[in-house]
Amino acid sequence: MNVQKSSTEPGMGVNPLAADTEAVGPQVAVLFVGVSLFVGMASRHLLKNTSIPYTVALLILGIGLGSLEYGTTNGLGVLGDSIRMWASIDPNLILFVFLPALLFESSFAMDFHQIKRGFMQMLLLAAPGVVISTIFLGVVLVKILPYHWNWSTGFLLGGLLSATDPVAVVALLKELGASKKLSTLIEGESLMNDGTVIVVFHLFLQIVLGQKFSSGDVISFLCRVGLGAVGLGLLFGIVCVCWVGLVFNDTIIEITLTFTASYLAFFMAEEKAHVSGVLTVMTVGIFFAAFARTAFTGESERSMFHFWELISYIANTLIFVLSGAVIAESILRSHDKIEGRDWSNLLLLYIFVQFSRVVVVGLLYPGLKFFGYGMSWKEATILIWAGLRGAVALSLSLSVARVGQHDAHTHFTKVTEARFVFLTGGVVFLTLVINGSTTQFLFRFLNMNNTTETKTRILEFVKYEMYSNALEAFGEMGEDEELGPADWITIRKYLSCLSSLPEDGEPAHPHGPPGSEGSGIEYVEQQMQDTRIRFLNGVQAAYWSMLEEGRITQTAARILIQSIHEVENYSGLQDWEGLRSHVRFSWYLEYLSLLPRRASTFFLIAQLEFACYIAAAFLRAHRMTRNYLRDFIGESFVAEAVIHESEAQGQEARQFLDDIRLAFPQVLRAVKTKQVTHAVLVHLTEYVRSLGNAGLLESKERLQLHDAVQIDLKKLLRNPPIVEMPTVWETLHNQPFIGALPVSVQRPLLDVAKEFMMVQSTIIYEEDKKPDGIWLIANGVVQCNSKATNGQQLHQPTFSLGSTLGLFEALTGRPYLCDIVTRSVVHCFFIERSKILSVQKEHPELEDFLWQESALAIAKVVLAKEFEKATLQDIRALMMEGSSMRIFLRGEVFELQPKKIGVLLDGFVRPESSFAIITAPAGLMRKVPLPSSGACIGRRFYSQ
């Protein structure tokens with residue numbers, strides 16, 4: 001590209017050094033980039049500890065460079081040529097070059113949960129807020145400023161002046177310690193606001209250019225541009241996140257993918273789909289933040305963070321310096337069109353822009369206070385003052401001038417074009433310089449940076465701990481054989497961060513009695529809330545650590561971290577509330593029995609593994625954080641109360657793992673095997689790296705060994721250990737009931753047995769229903785829930801693998817004694833009652849065995865208190881050791897021996913000296929008075 005630089009320009013001084021027209025090569029453009037980055041670096045360095053945002057300095061420096069080039073006789077030489085080259089770039093190209101990177105970096109860096117929580121607040125400010133601001137400023141421009149513009153022109157400028165750009169303020173708020181929700185709200189509003197403003201701007205620009213729109217056309221246009229952008233962004237996000245999932249330990253590909261996605265999405269939205277590119281890229285970034293944040297860990301996460309931080313810094317630096325130069329150019333080029341009153345009108349417009357912000361926030365304040373995190377009046381004040389204008393507004397105003405240059409039928413006059421650029425550039429400059437530089441003073445004036453007494457005590461306590469660690473480090477390194485001792489007094493002088501601490505004395509305990517700020521219950525609650533927040537932060541850090549160690553999957557990590565963010569208040573540790581649904585089973589799993597066995601088993605085992613990751617990680621993270629808290633705080637009532645809350649939160653997770661250990665031990669074994677395998681491979685990677693760092697391995701050898709370990713690690717992640725489930729034949733043969741039958745009896749039953757996989761809280765059969773068969777529990781835990789028998793409330797015993805349920809009812813024909821409900825995922829088999837009765841009839845030698853097997857489950861039901869802690873295997877072993885089954889005729893008398901208990905399976909008995917009748921099934925204890933002669937009526941009695 002060659003740029004022709006003439007010796008004279010309208011409204012400019014004559015440059016004698018450029019007597020002839022000279023060609024400037026495209027390579028000159030590089031100089032502006034280098035100089036801009038240099039002045040940006042210098043500004044950032046010099047203003048680091050000052051109250052002036054470096055972006056404000058960049059804008060002023062840009063105006064200075066532009067003024068020297070366009071307003072002096074000699075200009076800036078080659079640098080001036082470079083500035084002219086950049087200033088002549090089409091404004092749309094500026095948006096295409098800078099916006100995608102800035103939008104993606106901002107949206108990807110934001111906390112997804114906070115975006116989700118504050119979405120309605122952002123939407124209020126970005127949709128109704130932009131409309132209110134556009135109308136308000138449009139009325140001001142048409143009715144108050146003396147330009148005699150029509151409504152379309154007024155709304156056009158009012159719309160582009162509604163675009164906020166809080167880059168300087170957000171960075172400053174983070175440094176001042178403002179709440180993250182406020183920073184996220186301001187930044188999120190800006191992202192959505194830019195998208196809305198650009199859509200509104202293009203709509204009014206078409207109207208100004210003469211195109212007619214009906215109200216239906218406007219609604220259709222807004223819906224297509226807005227909803228289409230979100231849909232396109234979701235499409236890009238899904239494709240890219242799936243691609244990231246296929247990448248293994250390749251930071252270059254991961255970073256390139258995010259960079260490419262932002263620019264391609266913006267281009268496809270604006271040029272091909274004709275929807276909002278801003279909303280599209282914002283959707284892509286938020287989708288990455290929601291579903292791909294855990295894909296970047298360790299070095300990959302740090303590299304990703306630094307890359308996008310650098311891209312954002314470069315883009316902001318170039319765009320602010322360029323904006324300053326363009327503002328200077330527009331003012332100097334239009335000095336014959338800009339009158340003295342335009343300067344006073346600029347100041348008046350700046351005031352109305354601020355007032356429009358007051359109107360927007362004031363009208364929407366009820367909604368802002370109701371939705372999301374709510375909003376205090378102090379936060380609303382900061383939100384008003386943080387409504388800076390920036391490069392988006394300036395680029396849109398330049399595009400208006402560019403349209404006027406290329407469209408002969410435009411309704412804009414040259415004066416209107418000049419005033420558009422002048423007023424927009426002036427408002428951008430004033431908001432950045434005034435609002436951007438004074439936000440921190442307003443923040444302090446509102447006392448929003450006050451630190452509570454609890455936090456102050458924590459900080460002082462940490463300083464004392466730092467001092468102790470410094471002494472410990474000095475004791476370890478203060479003297480060696482080669483150089484001798486070091487001078488502690490000199491070292492102490494360099495520890496300026498600890499200069500306020502005395503050499504002796506004990507720090508006040510963080511959870512000690514209150515000082516001047518509070519007392520009693522209020523102060524204790526403040527301490528409790530502060531400790532809970534720190535505890536949950538520690539739990540979140542533990543989750544990230546476990547993700548890097550390979551203890552949890554990316555999906556599990558995302559859900560675990562999300563559970564921390566979803567704690568709405570800190571009246572108690574409530575992070576398990578967000579995880580409870582993930583260790584239970586979704587409604588669709590109830591229909592897995594309709595699928596082939598292999599498919600249903602695969603889905604259920606996958607769900608079980610995932611639930612085990614969640615529960616185990618929760619317990620481990622809480623245990624680690626409890627230990628850290630005890631080590632840090634020491635003995636404290638507040639700390640112990642929070643620790644007790646943590647232990648109570650973990651009871652359900654611990655019970656779930658205990659049930660899985662009993663029902664599906666192979667699942668826990670597979671999860672643990674994967675964790676240990678990953679840990680071993682990571683250890684080998686570190687070992688190879690340490691040998692390389694020690695110089696014991698050459699670079700080629702180290703890379704060869706490292707790649708070999710990485711191949712194994714990739715194989716583990718792609719093909720983890722699977723849960724080996726036995727075949728149906730093996731499972732049934734392992735059932736005690738089936739295994740004890742003769743082979744000739746087994747085969748008919750194996751052929752008719754129906755297999756089921758049932759999720760938690762499924763009813764296998766109901767109380768008082770007619771028995772239709774027996775159930776063999778292969779894996780899992782079920783519970784017996786019954787109303788009452790013989791007027792007494794029954795306990796609720798549990799049955800696990802190896803249990804035979806419903807056999808008593810099948811033999812006697814009585815209704816089911818209780819509801820059998822699954823307490824976990826249950827793998828079971830059903831055999832029809834007719835088949836059992838057929839076995840009983842055709843094999844009379846198995847009569848006693850069938851009754852004996854039925855007595856196992858009945859004993860746990862009718863003698864629940866005595867067998868509360870005994871498994872069915874324990875009861876079976878007890879019966880095998882010494883038990884007998886007897887049949888009594890009507891009128892016979894029997895007596896229980898000492899230390900014996902009985903189970904009445906059929907019939908009824910009457911105790912001696914009592915008219916009460918005991919009906920089968922029932923448990924008989926030695927304390928029951930012995931029946932007298934002729935008082936026993938019954939058939940079967942089982943004693944043990």
Side-chain angles (χ1 to χ4, degrees), residues 240-255 257 288 291-304 541-561 582-583 598-599 601-621 624 657 660-661 664-693 697 700-726:
C240 293
V241 168
C242 292
W243 196 340
V244 167
L246 300 176
V247 177
F248 177 76
N249 279 2
D250 197 327
T251 306
I252 300 297
I253 292 180
E254 292 171 343
I255 293 176
L257 183 60
F288 263 89
F291 298 102
R293 181 67 59 81
T294 54
F296 311 116
T297 58
E299 294 181 2
S300 174
E301 179 191 18
R302 289 186 289 272
S303 299
M304 182 75 70
Y543 289 150
W544 281 108
S545 176
M546 283 187 277
L547 176 61
E548 293 188 11
E549 294 172 0
R551 288 183 175 272
I552 52 178
T553 62
Q554 294 177 9
T555 305
R558 177 173 56 82
I559 291 173
L560 288 163
I561 293 169
H582 295 284
V583 296
R598 183 180 295 273
T601 302
F602 171 81
F603 284 115
L604 280 172
I605 294 301
Q607 182 71 19
L608 278 176
E609 282 190 280
F610 182 74
C612 289
Y613 275 117
I614 294 289
F618 176 86
L619 292 174
R620 181 179 177 84
M624 292 169 59
L657 290 178
I660 296 297
R661 186 174 292 108
F664 292 91
Q666 59 270 48
V667 173
L668 292 182
R669 190 179 304 114
V671 171
K672 186 61 179 178
T673 300
K674 180 181 177 182
Q675 288 183 348
V676 174
T677 306
H678 191 281
V680 169
L681 291 172
V682 170
H683 175 75
L684 292 178
T685 302
E686 295 298 327
Y687 177 68
V688 171
R689 183 181 290 113
S690 66
L691 291 179
N693 293 337
L697 285 178
K700 182 179 179 179
E701 296 170 336
R702 182 181 64 81
L703 289 175
Q704 181 179 355
L705 292 173
H706 179 271
D707 291 345
V709 175
Q710 293 303 304
I711 290 174
D712 289 338
L713 192 56
K714 182 177 181 180
K715 186 189 302 181
L716 172 68
L717 296 178
R718 295 287 185 266
N719 301 294
I722 60 174
V723 178
E724 296 290 346
M725 296 294 290

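Predicted model only: the values in this text are computed from it and were never measured.
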Partner of Val688 under side-chain contact (heavy atoms from CB on, under 4.5 Å), chosen from Asn693, Leu705, Leu703, Asp707: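 By the side-chain contact (heavy atoms from CB on, under 4.5 Å) criterion, Val688 pairs with just one of Asn693, Leu705, Leu703, Asp707: Leu705.
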
Which heavy atom of [X] sits nearest to which heavy atom of [Y], and what is that distance?
{"X": "Ala617", "Y": "Met546", "answer": "O-CE, 3.4 Å"}
{"X": "Ala556", "Y": "Tyr613", "answer": "CB-CB, 4.3 Å"}
{"X": "Ile552", "Y": "Tyr543", "answer": "CD1-O, 3.6 Å"}
{"X": "Gln675", "Y": "Arg551", "answer": "NE2-O, 2.8 Å"}
{"X": "Cys612", "Y": "Ile660", "answer": "SG-CG2, 3.8 Å"}
{"X": "Thr677", "Y": "Thr673", "answer": "OG1-O, 2.6 Å"}

Approximate separation, where rounding is to 0.5 Å, of [X] [atom1] and [Y] [atom2]:
{"X": "Cys240", "Y": "Glu254", "atom1": "SG", "atom2": "CD", "answer": "12.5 Å"}
{"X": "Glu609", "Y": "Leu668", "atom1": "CD", "atom2": "CG", "answer": "9.5 Å"}
{"X": "Leu657", "Y": "Leu619", "atom1": "CG", "atom2": "CG", "answer": "6.0 Å"}
{"X": "Leu691", "Y": "Leu697", "atom1": "CG", "atom2": "CG", "answer": "5.0 Å"}
{"X": "Asp250", "Y": "Gln710", "atom1": "CG", "atom2": "CD", "answer": "11.0 Å"}
{"X": "Asp712", "Y": "Thr685", "atom1": "CG", "atom2": "OG1", "answer": "9.5 Å"}

Quick one, His582 and Leu560 - any side-chain contact, counting heavy atoms below 4.5 Å? no

Should Glu549 and Val682 count as side-chain neighbours, where that means a heavy-atom distance under 4.5 Å? no

Within the supplied structure, the quantity of interest is the number of heavy atoms (other residues, nucleotides, ligands) at a distance under 6.0 Å from Glu686 CD; does it exceed 12? yes

Give a yes or no answer on whether the side chain of Arg718 reaches the backbone of Leu246 with a donor-acceptor pair at less than 3.5 Å.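 Confirmed, Arg718 side chain pairs with Leu246 backbone.
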
Please check if the side chain of Ser545 supplies one atom and the backbone of Ala541 the other of a donor-acceptor pair under 3.5 Å.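 Flag not set: sc Ser545 to bb Ala541 has no pair under 3.5 Å.
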
Take Met304 and Thr251 through the test side-chain contact (heavy atoms from CB on, under 4.5 Å) and record every step on the way to the result. CA-CA 8 Å; Met304 182 75 70; Thr251 306; over 6 Å; no

